[in-house]
Novice: 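For reference, the structure I am asking about is given below.
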Amino acid sequence: MPYKIPFNKPFLSGRETEYITDAVRSGKISGNGLYTHKCHQFLTKKYHFKKVLLTTSCTDALEMAAILADIQPGDEVIVPSYTFVSTALAFIRQGAHVVFVDSSQTNPNLDIDKLESLITDRTRAIVPVHYAGIACDMDRLMALANKYNLLVIEDAAQAINSFYKGKPLGSIGHLAAFSFHETKNIISGEGGMLVVNAERFSRRAEIIWEKGTNRSEFFRGEVNKYEWVDIGSSFLPSEVISAFLYAQLENIEQIQNRRTALWNYYYQSLVPLALAGYVRLPDIPVYATNNAHMFYLICQNIEERSTLIDALKENGILAVFHYLSLHKSGYYRSKHDGRDLVYSDMYTNCLVRLPLFYELTFDEIDQIVAIITGVYQPRLHAEIVDHND
Ligand SMILES: *Cc1c(COP(=O)(O)O)cnc(C)c1O
């Protein structure tokens with residue numbers, strides 16, 4: 001059944017097909033060409049990233065990070081349980097043992113107070129996820145990483161154009177991974193980016209990106225032939241993808257402004273229900289900005305969430321829950337050490353995401369909010385009667 005209001009709708013900002021045509025006409029559509037360079041330049045300039053490499057997905061960028069981090073079988077990597085599979089998978093493929101950390105009570109990001117007790121002499125890296133584009137507390141996290149000599153790999157898949165104390169997310173850890181999947185703010189269908197902040201990984205990152213060869217150096221005229229020098233894979237996207245992405249990046253301010261206006265409208269419209277205690281609204285810590293990647297509510301339990309999703313569905317609106325705790329997944333449950341991760345499970349059961357995309361209208365938000373309010377209205381009335389007794 002097609003939804004009257006879908007959960008997401010990919011937005012074409014204007015010149016995507018024009019740039020793709022240009023790339024095709026130029027006679028080079030494999031990777032590491034003109035549009036890849038334009039994207040690299042744009043992103044390093046705007047966010048002061050030391051080095052970036054476009055990839056075919058954020059999953060790929062995380063895999064590159066795991067290779068660069070030289071994760072070996074038996075090494076431990078700390079990852080939140082409430083995240084997408086790829087955050088853990090990239091390290092599992094290197095043979096790591098993933099140690100899952102719980103979310104915080106106030107938002108789905110990892111609980112920084114629970115990190116230190118999980119660090120052992122086998123721990124090599126921490127992978128914070130900036131859920132919904134809202135920063136983890138990076139000062140505390142980096143301090144802990146420095147104390148124990150651990151690498152920090154930011155899963156910034158959702159975090160483009162978001163900041164921690166004025167610093168762009170993805171610029172703080174040693175490495176970071178972004179996604180341009182069609183469900184994110186800035187898209188190329190499938191797509192991603194590795195950010196290399198620690199200088200020592202810079203050269204090897206390029207080599208791993210280009211199938212274990214020093215081809216990038218050859219292209220720049222730094223060597224007169226290129227050859228096989230390391231492990232690697234084909235992590236780079238074609239120019240067709242980069243051309244699409246460049247058109248999106250050119251319009252990033254317009255895209256962000258629109259999403260932010262929609263997000264703020266949702267928030268302000270739902271405050272009454274939150275004040276009445278029926279749902280919780282997103283919590284944005286003082287050190288974090290909001291890049292309007294996602295608008296979510298936290299219901300009191302799974303039954304109430306199902307009621308809400310069903311009520312919206314009956315009205316042709318698709319709202320969706322999100323991750324299922326990875327420590328309880330079919331693949332990992334027998335490998336997990338048995339600790340309860342209560343907040344990860346709470347978000348698994350209680351978090352619901354509402355439609356949010358460029359072409360959503362304020363009128364559609366009014367409709368969505370009216371249906372949600374309708375679910376709780378009978379109770380609002382019942383309580384008012386109670387209070388009058
Ligand atoms: C979307 C997402 C990914 C995966 O991104 P792809 O580009 O689809 O590989 C990884 N981690 C998080 C937190 C995400 O939201």
Side-chain angles (χ1 to χ4, degrees), residues 7-8 10 31 39 43 52-67 77-93 98 100-101 103-104 107-110 125-136 138 141 152-162 164 169-170 172-173 175-195 209 233-238 241-242 244-245 248-249 259 282 288 290-296 320-327 329 331-332 344 347-348 351 353 356-357:
F7 173 67
N8 181 55
C39 291
L43 289 154
V52 305
L53 292 169
L54 294 190
T55 57
T56 55
S57 66
C58 178
T59 304
D60 263 6
L62 288 164
E63 287 178 9
M64 286 182 72
I67 295 171
V77 177
I78 302 177
V79 174
S81 178
Y82 193 73
T83 183
F84 190 61
V85 177
S86 302
T87 319
L89 186 59
F91 300 92
I92 293 284
R93 291 181 83 245
V98 165
F100 285 113
V101 58
S103 293
S104 100
N107 75 30
N109 287 342
L110 61 78
I126 305 173
V127 190
V129 177
H130 306 296
Y131 187 82
I134 309 302
C136 296
M138 293 306 287
L141 200 133
V152 173
I153 298 157
E154 294 178 72
D155 182 338
Q158 307 173 8
I160 191 86
N161 206 58
S162 204
Y164 171 79
L169 296 185
I172 304 166
L175 297 160
F178 284 85
S179 175
F180 303 118
H181 185 263
E182 74 168 16
T183 51
K184 307 300 203 271
N185 291 25
I186 298 296
I187 63 174
S188 60
E190 303 280 353
M193 165 172 74
L194 177 75
V195 178
W209 189 59
S233 189
S234 185
F235 286 117
L236 71 176
S238 90
I241 301 269
S242 321
F244 188 107
L245 182 65
Q248 292 265 313
L249 290 172
R259 294 186 73 101
N290 171 26
N291 70 345
H293 171 58
M294 184 196 304
F295 195 91
Y296 67 80
V320 291
F321 54 83
H322 210 181
Y323 306 127
L324 307 177
S325 288
L326 291 180
H327 72 285
S329 62
Y331 181 73
Y332 211 78
S344 177
Y347 295 113
T348 295
L351 187 145
R353 298 178 291 158
L356 179 59
F357 49 89

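All ligand and atom numbering here is 1-based and tracks the order in the structure.
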Novice: Do Gln158 and His130 make a side-chain contact, defined as non-hydrogen atoms from C-beta onward lying under 4.5 Å apart?
Specialist: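 Not in contact.
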Novice: Backbone or side chain, does any N or O of Asp155 fall under 3.5 Å from an N or O of ligand 1?
Specialist: yes
Novice: Below 4.0 angstrom from a heavy atom of Gln158, which ligand 1 atoms are there? Numbered from 1 as shown, please.
Specialist: 13 (C), 14 (C), 15 (O)
Novice: Can you find an N or O of Cys58 that's nearer than 3.5 Å to an N or O of ligand 1?
Specialist: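 Checking ligand 1 against Cys58, an N or O pair does fall under 3.5 Å apart.
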Novice: Please identify which atoms of ligand 1 are closer than 4.0 Å to at least one heavy atom of Ser57.
Specialist: 7 (O), 9 (O)
Novice: Phe235 and Leu54: side-chain contact (heavy atoms from CB on, under 4.5 Å), yes or no, with the steps?
Specialist: CA-CA 8 Å; Phe235 286 117; Leu54 294 190; over 6 Å; no
Novice: Who gets closest to atom 7 (O) of ligand 1 by heavy atom: Gly192, Ser179, Gly133?
Specialist: Ser179
Novice: In this structure, which one of Ser344, Ser81, Ser325 forms a side-chain contact (heavy atoms from CB on, under 4.5 Å) with Phe100?
Specialist: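 Among Ser344, Ser81, Ser325, the one that satisfies the side-chain contact (heavy atoms from CB on, under 4.5 Å) with Phe100 is Ser81.
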Novice: Can you say whether the rings of Tyr82 and Tyr323 are parallel (under 30°), tilted (30 to 60°) or perpendicular (over 60°)?
Specialist: perpendicular
Novice: Could you check Leu53 against Leu236 for side-chain contact (heavy atoms from CB on, under 4.5 Å), going step by step and ending with a plain yes or no?
Specialist: CA-CA 8 Å; Leu53 292 169; Leu236 71 176; over 6 Å; no
Novice: Can you find a non-hydrogen atom of Tyr323 under 4.0 Å from ligand 1?
Specialist: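 Checking ligand 1 against Tyr323, which is what was asked, there is a heavy-atom contact under 4.0 Å.
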Novice: With only distance considered, is Ser86 within less than 3.5 Å of ligand 1 through an N or O on each side?
Specialist: no
Novice: Identify, for atom 9 (O) of ligand 1, the protein heavy atom at the shortest distance, and state residue, atom and that distance.
Specialist: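 Looking at atom 9 (O) of ligand 1, the protein heavy atom closest to it is Thr59 OG1, 2.5 Å.
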Novice: Could you tell me whether the side chains of Thr87 and Asp155 share a donor-acceptor contact shorter than 3.5 Å?
Specialist: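 Asp155 and Thr87 do have a side-chain donor-acceptor pair below 3.5 Å.
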Novice: N/O of Lys184 under 3.5 Å from N/O of ligand 1, yes or no?
Specialist: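 So ligand 1 has an N or O lying under 3.5 Å from an N or O of Lys184.
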Novice: Verify the distance criterion only: is there a donor paired with an acceptor across the side chains of Tyr131 and His322 at less than 3.5 Å?
Specialist: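 There is such a pair between these side chains.
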Novice: Is the shortest N/O to N/O distance between Glu190 and ligand 1 below 3.5 Å?
Specialist: no
Novice: Under 4.0 Å from a heavy atom of Val129: give me the atoms of ligand 1 that qualify, with their elements.
Specialist: 13 (C)
Novice: Please determine whether side chain to side chain donor-acceptor pair (under 3.5 Å) holds for the pair His181 and Thr183, giving the CA-CA distance in whole Å, both sets of side-chain angles, and the decisive distance to 0.1 Å.
Specialist: CA-CA 5 Å; His181 185 263; Thr183 51; 2.7 Å; yes
Novice: Around atom CZ of Phe7, are there more than 12 heavy atoms from other residues, nucleotides or ligands closer than 6.0 Å?
Specialist: yes
Novice: Can you tell me which residue and heavy atom of the protein come closest to atom 12 (C) of ligand 1, and the distance to 0.1 Å?
Specialist: Ala157 CB, 3.3 Å
Novice: For atom 4 (C) of ligand 1, grab the closest protein heavy atom and report residue, atom and distance to one decimal in Å.
Specialist: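 Heavy-atom neighbour on the protein nearest atom 4 (C) of ligand 1: Phe84 CD2, 3.7 Å.
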Novice: Does Gly191 have a heavy atom less than 4.0 Å from any atom of ligand 1?
Specialist: yes
